[in-house]
**Student:** 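Quick one: the structure is below, questions incoming.
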Amino acid sequence: MPQITLPDGSIKSFDHPVSAFDVAMSIGERLAKACVGCLIDEELCDLNTVIENDCTLSLVTEKTRDKQDDPNALFLLRHSAAHVMAEAIQRIIPGAMLVYGPPLENSFYYDIAFPEDRPLREGDFEAIEAEMSKIIKEDRPFTRYELEYAEGIKKVESEGSKYKLDNAHRAHEAGSLSLTFYATGEPGKDWEDLCRGPHVPSTGRIGAFKIMSLASSYWHGDENSDRLTRVYGTAFFNKKDLKAHLERLEEAKKRDHRVLGKKLHLFHIDETVGQGLILWTPNGAVIRKELQDFISAELTKQGYHEVFTPHIGKLDLYRTSGHFPYYAESQFTPLIERDFMVKLSDEGCSCSHLSNYINKGEIDGFMLKPMNCPHHIKIYDSQPRSYKDLPVRLAEFGTVYRWEQSGELNGMTRVRGFTQDDAHLFCTPDQIGQEMQGCLSLVKTIFNILGMSDYRVRVGLRDPDSCKYTGEPANWDKAEQACREAAQTLGVPFTEEPGEAAFYGPKIDFIVKDVIGREWQLGTVQVDYNLPERFDLSYIGADNEKHRPVMIHRAPFGSMERFIGVLIEHFAGAFPVWLAPEQVRVLPISEKSNEYAHEVMSALHAVGIRATMDNHDQRVQAKIKNGSEMKIPYLLIVGPRDAQSRAVSVRAFGTEKDLGQMPLDNFVSAIREEYRTKGRSCVRDRFTPTAV
RNA sequence: GCCACUGUAGCUCAGUGGUAGAGCGCACCCUUGGUAAGGGUGAGGUCGUGAGUUCAAAUCUCACCAGCGGCUCCA
C-alpha cells in the first residue's frame, strides 16, 4: 500500500492505490482544483495517474510556492494547447497529418503535413482560434489510455499516417512496450492522438492562447526529407499573462538592433549594394572605431603585431588550405582570370562545363577570402623562424566574405561580408596552454568592460562519427585536451559539445543571446595542428632541426558586425560615453543662448568629445525629448543663467530630473575622464552630495 | 535553399478596383522659451521591380527582388 512522501517531508499513507488528484483532495479541495499535474518521483505525470507504490509526490499548480510561474505547469499547458490546436486544424483541414507537437520554453508548435492542394495560411488563424476556443469551452478531459505495442501499432496503421507510424516505431525502438494515446474527451468518440503525455486535466484549463506564426520545417530535421508546416502558438493560464508575454515581445522588438540601427542611424543595408553587406554609417563607424582602437591597444599589451592583407587571394592558396573547392558552396564564386576565360571560350567551353570545372576546382583565378588564416600563414612563412621568435602573434581586422544562404541573413548578426578581429598565433606545442589562456583573458577583459556577463562557453569537439575533419587523430586528441584545460582556467561553466569543432581543429566559443532569444556565436579560440601541416610551416628549434609550429586562431569579438549587433541590443542603444556616437548634445534655451552653446560645444570638441548642438527653433522640452530618444549620454541645457556663470545644466540619460548645474570647465574635465576611463570615472559622481 | 507573411513619403504606418493619406522628421514664418512634443504654412511618393487581367490596378494574377519569422546550414 502506497506511502507517499510530499515535498515538505510529510508522509501520507493509503491502504489502496490512489490518484495524485485523490492525494491533493486529501489535503484540500482548493488545492486539488488548482492542480494541473504532478511529479511522481521527479517525473512529470497526469494528475489522475494512479499511484500504487511508495513514491515522492509533488503537486504541480500554476504558480510555485513563491508565486512564480511553474515551468512544469506551463509545459503541461502548452503541450495540451498543441493538442487542442491540432484538433482545431484537423477540423478545418481534414487531410492534415500530424507529425510532432512539443511545448517549448515560451510557446509550442505542431509540425503538420498539409495536403498539397490545401496549405495552411495565416488567414486560417482566426478560424482555428475560434475552433480552439470551442474545444476549450467544452472543457473536455484529456484521457490517457495505453495499448500493448502490437495492438497499438495496428491502430496507428489503420489511421494511415506514416508520420505517426514512424513516431510509434521510434517509441518502440526506444524501449517502450506499449503505446499511449490521449483522447480529448472520450476514447473512441472524441479526437485523439498518439502521445506520451502528460497533459493538464482538461481543455478548460487553457486560459489564454494565441497562434503566433507559420514556418516550414523538415521531417526529422533532414532537408532531404518531407517538408512540413510548423505552426507556432503560445498559451498561458490566464489572459493577463498572455498579454504580458505579448508586451514583452513588443518591448524586445524595440531593443532589436535592426530597429535601433535605423532609429539611431548606426548602419544601413542597401539591396542595390547586396543583401548581407553592411554599410557602416558615421554613427556606427564611431562605435566600431572605438572598439577596434580598444582591442588594438589590448593586443599591443599582449605582444601582438598588426598586419594588413588583401581581400582576395589566388585559388591555389585556398587549394592548399583546403577551402577550395571543398567549401565552394559557402563561398562567393571564384573570380576567374580573363585570359583563362578566353582560353576556355576558345575551347568551346559551355556554362555547364565551366560550372563543372569550378566544382572540381580545375580553374585558375582568385577568391574573395572566406578566412584570414591563409594570408597570415604566408606572412609567417615569409621568413625563417627560430624557436626564439615564437610565439608569433599576427593580428588583423580582416574582412572576409562567405556565401550564406539567403534565408539565413539577419541584420548585422548574419551577413555575407564581415570583419573579424582576427589573429593567428604560431607557437610551439608547449606554448599552447599559455597562449590559449592569454586569448581567453582578453575575451574576459572585453566582456567585463562592456558589462556582458550573460554568455555561455562551449568547447567544440570533433564528432567521432564524421569524416569531415582533416588531420591526425593523435593531434586532435592533443588539441582537444588543450581546449579543455584552457576552458577550465576560465572560471566559468562550459559545456563540451561533440560535432561543434571546426574542420581543422577544436575550439572554444563564446555564445550570447539576442533580444528574441536566438543564440549567436561571438568570440572563438581554436587550436589548429592541420593548417601548419598543409602549408608545411616550420621553425628551427634549439636542436637546429626543423619543427612544426601549432596555430591558434582567435577572434574575441567574432566579427565587428555581429558583435556590434549584439552590443546594440545589450545596451538597448544607450551606449556608454566611450562608445556613444554622440556623447553630448548642447541645448540652448533660446536663440539668445546660441552663442554660449557654441562656446560650450567648442570647448568639448577641443578635448576630443563628440558633441553637437540642437539649435532648432523649439522649446527646450522638445529638445530634451529628442535628445533622450536618441539616447545621448549627456544633454547640457544652457541658458542665460548658465552663460553668466560659465556653467552648464547637466542631464544624464536615464535620469528623470537633471543632475544640476556644474561649471563648464569641470564638466569638460569630468566627461573627458569618463571617456578616457571607459566609465570607471563618471560625470555623475561629481554630483554626489559631498561634491556639491 | 525551403514554407508563410510583408514591401505605400526620410521614419512609423492607414488605404482592397475609380483623382495617393496621417503622424513624426524636413523647409519657411510666428513664437525667445529653464528640464520628455508651442502654433501656422509648405515641400516631399512611377505605391519594391517586371509582365498580365480590366474601360480603369497601390488594390486582382504570375514571375522576380528584398525584408521578417521559423527550418536547414554556418568550413
Side-chain angles (χ1 to χ4, degrees), chain A residues 104 107 109 111-112 114 119-125 212-232 249 253 256 258-259 262-263 265 268-276 318 321-324 326-331 370-371 373 400 402-411 413-416 468-470 500-505 507 509 516 518 520-521 526 530 553 562 587-594 616-629 635-642 649-651 653 655-661:
Chain A
L104 304 172
S107 59
Y109 68 81
D111 276 347
I112 300 172
F114 285 93
L120 187 70
R121 297 201 181 82
E122 280 182 16
D124 296 318
F125 285 5
M212 302 296 287
S213 64
L214 281 184
S216 102
S217 64
Y218 300 109
W219 194 24
H220 301 150
D222 175 3
E223 63 177 321
N224 298 315
S225 188
D226 295 10
R227 286 187 180 88
L228 307 171
T229 302
R230 179 168 295 183
V231 194
Y232 280 90
L249 293 180
K253 232 168 151 182
D256 191 307
R258 292 163 297 189
V259 174
K262 242 181 212 167
K263 184 173 159 193
H265 312 297
H268 175 62
I269 300 171
D270 195 291
E271 62 178 271
T272 54
V273 173
Q275 43 175 178
Y318 299 103
S321 69
H323 291 100
F324 185 75
Y326 303 112
Y327 294 99
E329 270 183 20
S330 40
Q331 288 158 188
M371 285 187 179
C373 29
V400 298
R402 300 183 190 177
W403 186 260
E404 305 288 357
Q405 295 186 86
S406 64
E408 271 307 333
L409 298 170
N410 186 277
T413 48
R414 189 83 181 258
V415 292
R416 284 183 172 163
K468 71 171 183 175
Y469 306 101
T470 65
E500 291 295 332
F503 78 101
Y504 48 76
K507 54 180 186 168
D509 293 327
I516 49 178
R518 293 182 291 207
W520 299 99
Q521 181 196 310
Q526 313 177 350
N530 294 303
H553 308 239
R562 180 176 291 179
L587 315 182
I589 294 272
S590 78
E591 257 172 51
K592 287 179 185 163
S593 303
N594 274 2
H616 283 88
D617 186 9
Q618 293 176 119
R619 297 176 61 189
V620 73
Q621 286 90 330
K623 296 183 187 184
I624 287 169
K625 178 169 191 295
N626 293 335
S628 304
E629 284 194 342
L635 301 177
L636 302 183
I637 290 99
V638 297
R641 293 209 295 265
D642 305 281
S649 296
V650 184
R651 203 176 212 285
F653 181 80
T655 49
E656 281 290 311
K657 291 178 78 177
D658 70 337
L659 296 174
Q661 217 186 28

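We use all heavy atoms of the structure for the numbers below, so side chains are in, but hydrogens, waters and symmetry mates are not. Below, chain A is the first sequence line, B the second, and so on; all start at residue 1. All of these numbers come straight from a predicted model, not from anything done at the bench.
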**Student:** With a 3.5 Å limit on both atom pairs, tell me what B/rC73 is paired to, counting Watson-Crick and G-U wobble, or say none.
**Tutor:**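 Its partner: none found.
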**Student:** First locate atom NZ of A/K507, then atom CD of A/Q521, and finally report the distance between them rounded to the nearest 0.5 Å.
**Tutor:**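 Rounded to the nearest 0.5 Å, the NZ-CD separation comes out at 4.0 Å.
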**Student:** Using the P atoms only, state how far B/rG38 lies from B/rA51, rounded to an integer number of Å.
**Tutor:**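 Per the computed distance, 48 Å lies between those P atoms.
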**Student:** Which whole number of Å gives the distance between the C1' atom of B/rA9 and that of B/rA58?
**Tutor:**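 B/rA9 and B/rA58 have their C1' atoms separated by 14 Å.
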**Student:** Which parts of nucleotides 28-41 of chain B does protein reach within less than 4.0 Å, heavy atoms only, written one letter per nucleotide 5' to 3' as B for base, S for sugar-phosphate only and - for none?
**Tutor:** --BBBBBBBBB---
**Student:** Considering every strand shown, what is the Watson-Crick or G-U wobble mate of B/rA36 when both distances are under 3.5 Å?
**Tutor:**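 Answer to the pairing question: none, since B/rA36 forms no Watson-Crick or G-U pair.
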**Student:** Distance between the P atoms of B/rA66 and B/rG25, in whole angstroms?
**Tutor:**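 34 Å, rounded to whole Å.
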**Student:** Compare all side-chain heavy atoms of A/M371 with those of A/R402 and state whether any distance is below 4.5 angstrom.
**Tutor:**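 SC-SC contact between A/M371 and A/R402 confirmed.
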**Student:** Can you tell me how far apart NE2 (A/H616) and CD (A/E591) are? Round to the nearest 0.5 Å.
**Tutor:**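 Going from the NE2 atom of A/H616 to the CD atom of A/E591 covers 12.5 Å.
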**Student:** Can you measure from OH (A/Y109) to CG (A/L228) and round to the nearest 0.5 angstrom?
**Tutor:**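 If we round to the nearest 0.5 Å, A/Y109:OH and A/L228:CG are 10.0 Å apart.
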**Student:** Say you pick atom C1' in B/rC47 and the same atom in B/rA20; how far apart are they, in whole Å?
**Tutor:**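 One C1' to the other, the span is 8 Å.
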**Student:** Expressed as a whole number of Å, how far does the C1' atom of B/rU61 sit from that of B/rG67?
**Tutor:**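 These two C1' atoms come out 23 Å apart once rounded.
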**Student:** Could you give the OH-to-C1' distance, from A/Y327 to B/rC73, as a whole number of Å?
**Tutor:**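 Answer to the nearest Å: 13 Å.
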**Student:** Residues two or more places apart in sequence or in another chain: which of them pass side chain to side chain contact (heavy atoms under 4.5 Å, CB included) with A/E271?
**Tutor:**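 None.
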**Student:** Let me spell it out: for each of A/E500 and A/G123, pick the nucleotide of RNA chain B with the closest heavy atom. Which residue's pick is nearer the 5' end?
**Tutor:**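 On the 5' side of the pair lies A/G123.
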**Student:** Using the P atom as the point on both nucleotides, what is the distance between B/rC62 and B/rG21, in whole Å?
**Tutor:**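 Their P atoms lie roughly 29 Å apart.
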**Student:** Taking protein heavy atoms under 4.0 Å as touching, what does nucleotides 63-70 of chain B look like 5' to 3' if B marks base contact, S marks sugar-phosphate-only contact and - marks none?
**Tutor:** --SSSSBB
**Student:** Using the C1' atom in both, what is the distance from B/rU49 to B/rG69, to the nearest Å?
**Tutor:**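 My reading of the C1' atoms in B/rU49 and B/rG69 gives 24 Å.
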**Student:** What about A/R414, does its side chain sit under 3.5 Å from the base of B/rC73 through a donor-acceptor pair?
**Tutor:**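 Check passes, donor-acceptor contact within cut-off.
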**Student:** Who is the Watson-Crick or G-U wobble partner of B/rG23, with both distances under 3.5 Å?
**Tutor:**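 With both distances under 3.5 Å, B/rG23 matches B/rC11.
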**Student:** If I pick the C1' atom on B/rG70 and the same atom on B/rU6, what distance separates them, to the nearest angstrom?
**Tutor:**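 Nearest-Å result for B/rU6 against B/rG70 at atom C1': 15 Å.
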**Student:** Is the shortest side-chain heavy-atom distance between A/D111 and A/T229 below 4.5 Å?
**Tutor:**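 In short, these two side chains do not touch, never coming nearer than 4.5 Å.
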